[in-house]
Amino acid sequence: MERVISAEFFCAELDRRGFGFFSGVPCSFLKGPFALLEQRGSYVPAPNEGIALSMAAGAELGGTKAAVLAQNSGLGNLLDPLTSLVMAYEIPLLLFVSLRGWPDTADDEPHHAAMGAATLGVLQAVGVAHGVLEPTEESLSALLDRAARERAERRSFVVLVPAATVDTCAVPAAVADASLMTRQEAVEAVAGHLDGALVYSTTGMISRELFGVRDTPHTFYMQGSMGHAIGLGLGTALNRPDQRVVVVDGDGAALMHLGGLALVGERRPANLTHLVLDNGVYDSTGGQRTRDTAMRWDELALAAGYRTGQVCRTAKEADAHLAEIAGLPGPHLVALHIGRGGPTPPRVTSAHTNAGVRARFQAAAADTSKGLK
Ligand SMILES: Cc1ncc(C[n+]2csc(CCOP(=O)(O)OP(=O)(O)O)c2C)c(N)n1
């Protein structure tokens with residue numbers, strides 16, 4: 001194995017420097033530190049990077065040194081609190097931001113390309129000090145020394161983490177609960193109810209699983225844009241009342257922009273069904289937990305204003321429930337409790353470009369007279 005910084009050293013350095021509170025949204029580049037931090041009460045997983053940053057700011061204001069770990073795709077979520085809260089009020093924080101799509105955008109999935117190329121420039125533009133981590137302990141220590149100097153001036157510092165810099169091996173193997181349906185079983189059960197609908201599926205493994213089980217032109221595999229599948233679904237449902245729309249979401253993604261659910265419940269499009277595959281973890285980035293307690297999606301949906309909300313624990317139950325609500329006015333929310341882990345499904349980009357997915361989806365949506373199959 002190439003030389004990389006161990007997750008133990010990474011966390012020990014933060015301990016040594018007195019950091020006492022951690023939050024973030026995971027990236028696979030930081031799997032190791034996330035796995036170690038998760039074992040501590042001082043780490044609180046956040047539903048999105050902006051909340052992670054504001055929580056860290058709150059910890060800091062209360063007297064606890066705080067750090068945030070995130071993927072560069074989450075920069076968009078944290079730029080507002082970074083600039084208008086953390087910088088404006090001179091709250092010095094430490095951020096670790098992974099560099100997906102960098103240094104060569106061609107080496108990563110296409111949805112990372114724009115942010116991969118822009119990350120350093122964005123930080124430069126807003127005026128936050130930053131440095132790129134090299135895979136050595138010396139590099140980490142030097143960057144944390146720089147962060148300490150910025151902190152002394154009440155300024156934040158971002159450590160940028162490229163691929164293969166920090167060891168990812170500290171991750172405990174995902175323990176699958178055999179009593180739960182697998183992601184594949186859930187997607188197979190759901191797939192049987194997607195004929196005739198325009199389908200939006202969320203980022204990561206869920207889109208890949210759906211693509212592996214059933215690849216159709218009227219499925220929009222939304223890789224990236226975590227949490228925004230429901231926005232896509234709502235926009236289409238409101239503007240195409242003639243068309244059934246199904247969103248296949250993950251629990252992490254649905255939690256990231258929970259406001260979308262409130263808007264669905266307020267607008268109440270009868271033609272929208274929202275499926276949430278809840279495994280309690282961010283499976284796509286290494287199985288870090290999303291929450292400690294199970295979310296009551298059925299109650300949440302009803303409180304938000306969905307017409308129905310249901311939790312299903314087996315593929316059979318999901319199949320029966322989806323058959324029951326077919327043809328009934330929505331919006332419906334159906335949460336499927338699924339196990340974590342499982343075989344890695346194929347990448348959508350092994351067969352399609354993103355623009356190709358979009359073009360054939362648009363053509364299918366325009367040509368619904370033939371009926372979707
Ligand atoms: C804004 C943003 N933050 C973080 C990520 C990294 N990321 C990609 S997939 C994923 C996990 C998604 O979790 P969930 O919706 O629960 O689905 P699962 O992976 O468990 O199938 C994360 C954190 C991202 N793509 N975008």
Side-chain angles (χ1 to χ4, degrees), residues 23-31 34 38 45-53 68-82 95-101 108-116 119 161 163 174 176-177 180-187 190 200-213 221-231 247-258 260-261 274-291 294-295 297 335-345 347-348 354:
S23 185
V25 179
C27 174
S28 54
F29 286 10
L30 285 159
K31 257 186 206 172
F34 271 109
E38 270 200 326
N48 71 53
E49 292 80 359
I51 296 178
L53 195 71
V68 166
L69 292 81
Q71 184 173 97
N72 55 344
S73 58
L75 258 192
N77 283 338
L78 63 70
L79 268 186
D80 175 38
L82 180 65
L95 288 83
F96 292 92
V97 175
S98 67
L99 277 172
R100 294 291 306 250
D108 210 328
E109 287 288 281
H111 60 276
H112 289 295
M115 188 49 96
T119 300
V161 184
D177 180 344
L180 293 169
M181 63 185 130
T182 64
R183 181 179 54 233
Q184 188 179 345
E185 285 164 351
V187 167
V190 162
Y200 291 107
S201 61
T202 185
T203 191
M205 294 299 176
I206 290 174
S207 268
R208 290 171 62 168
E209 194 77 74
L210 188 57
F211 164 70
V213 164
Y221 308 104
M222 189 203 69
Q223 294 293 10
S225 298
M226 186 171 161
H228 291 295
I230 191 61
V247 173
V248 188
D249 227 341
D251 58 313
L255 288 166
M256 182 163 270
H257 294 300
L258 212 47
L261 276 76
H274 189 182
L275 309 175
V276 180
L277 271 52
D278 184 357
N279 49 17
V281 293
Y282 297 110
D283 228 353
S284 306
T285 49
Q288 305 86 356
R289 67 180 192 269
T290 49
R291 298 165 48 85
M295 176 60 103
W297 293 104
L336 291 82
H337 272 285
I338 66 170
R340 56 191 65 182
T344 305
R347 287 189 188 279
V348 178
N354 287 353

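When a ligand or atom number is given, it counts from 1 through the structure's own listing order. Because only heavy atoms are used, hydrogens play no part in the values below, and waters and symmetry mates are left out as well, while side chains stay in.
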Q: Between Gly50 and Asn48, which heavy-atom pair has the shortest distance, and what is it?
A: N-OD1, 2.9 Å

Q: Any non-hydrogen side-chain atom of Val161 less than 4.5 Å from a side-chain atom of Leu99?
A: no

Q: Just jot down the ligand 1 atoms closer than 4.0 angstrom to any heavy atom of Gly74, in number order.
A: 1 (C)

Q: Find the distance between CG (Leu53) and CG (Asn77) and round it off to the nearest 0.5 Å.
A: 11.0 Å

Q: Polar contacts were defined as any N/O atom of the residue lying under 3.5 Å from an N/O atom of the ligand; does this apply to Thr203 and ligand 1?
A: no

Q: Which ligand 1 atoms, with their elements, are less than 4.0 angstrom from a heavy-atom of Gln71?
A: 5 (C), 6 (C), 24 (C), 25 (N)

Q: Can you find an N/O atom of Tyr282 closer than 3.5 Å to an N/O atom of ligand 1?
A: no

Q: Specify the protein heavy atom at minimum distance from atom 18 (P) of ligand 1: its residue, its atom name, and the distance to 0.1 Å.
A: Asp283 N, 3.5 Å

Q: Between Pro26, Ala254, Ser284, flag the one that comes closest to atom 19 (O) of ligand 1 by a heavy atom.
A: Ser284

Q: Run the side chain to side chain donor-acceptor pair (under 3.5 Å) check on Asp249 and His274 step by step: do they pass?
A: CA-CA 7 Å; Asp249 227 341; His274 189 182; 2.8 Å; yes

Q: Given Gly252, Ala70, Gly50, which has its nearest heavy atom closest to atom 16 (O) of ligand 1?
A: Gly252

Q: Which atoms from ligand 1 have a heavy atom of Ile206 less than 4.0 Å away?
A: 21 (O)

Q: For ligand 1, is any non-hydrogen atom under 4.0 Å from Asn77's backbone (N, CA, C, O), its side chain (CB onward), both, or neither?
A: side chain

Q: Going by heavy atoms, is Arg340 under 4.0 Å from ligand 1?
A: no

Q: First locate atom CG of Asp251, then atom OG1 of Thr202, and finally report the distance between them rounded to the nearest 0.5 Å.
A: 10.0 Å

Q: Checking contacts here: is it the side chain or the backbone of Leu277 that comes within 4.0 Å of ligand 1, counting heavy atoms only? Could be both or neither.
A: neither

Q: Rounded to the nearest 0.5 Å, how far apart are CG of Leu180 and CG of Asn279?
A: 9.5 Å

Q: Based purely on interatomic distance, does Ser73 place a nitrogen or oxygen under 3.5 Å from a nitrogen or oxygen of ligand 1?
A: yes

Q: Would you check if Asp278 and Trp297 make a side-chain contact, meaning some heavy-atom pair closer than 4.5 Å?
A: yes

Q: Nearest protein heavy atom to atom 7 (N) of ligand 1, by residue and atom, and its distance?
A: Thr285 CG2, 3.5 Å

Q: Would you compute the distance between atom CZ of Phe34 and atom CZ of Phe29 and round it to the nearest 0.5 angstrom?
A: 13.0 Å

Q: Using a 4.0 Å heavy-atom cut-off, say whether Asp251 meets ligand 1 through its side chain, its backbone, both or neither.
A: both

Q: For atom 12 (C) of ligand 1, tell me which residue out of His257, Met256, Met226 has the closest non-hydrogen atom.
A: Met226

Q: Is Ala253 close to ligand 1, meaning an N/O of one under 3.5 Å from an N/O of the other?
A: yes

Q: Determine whether Asp283 and Arg183 make a side-chain contact, defined as any pair of heavy atoms from C-beta on separated by less than 4.5 Å.
A: yes

Q: Rounded to the nearest 0.5 Å, what's the gap from CG on Asp108 to CE on Met115? Could you check?
A: 13.5 Å

Q: Using distance alone, with no hydrogens and no angle criterion, decide if Gln71 and Ser73 have a side-chain donor and acceptor under 3.5 Å apart.
A: yes

Q: For atom 4 (C) of ligand 1, which of Glu49, Met115, His111 has the closest heavy atom?
A: Glu49

Q: Please round to the nearest 0.5 Å and tell me the distance separating atom CZ of Phe211 and atom CE of Met205.
A: 13.5 Å

Q: Within the 4.0 Å heavy-atom shell around Gly250, which atoms of ligand 1 are there?
A: 15 (O)

Q: Work out whether the distance between some heavy atom of Val281 and some atom of ligand 1 is less than 4.0 Å.
A: yes

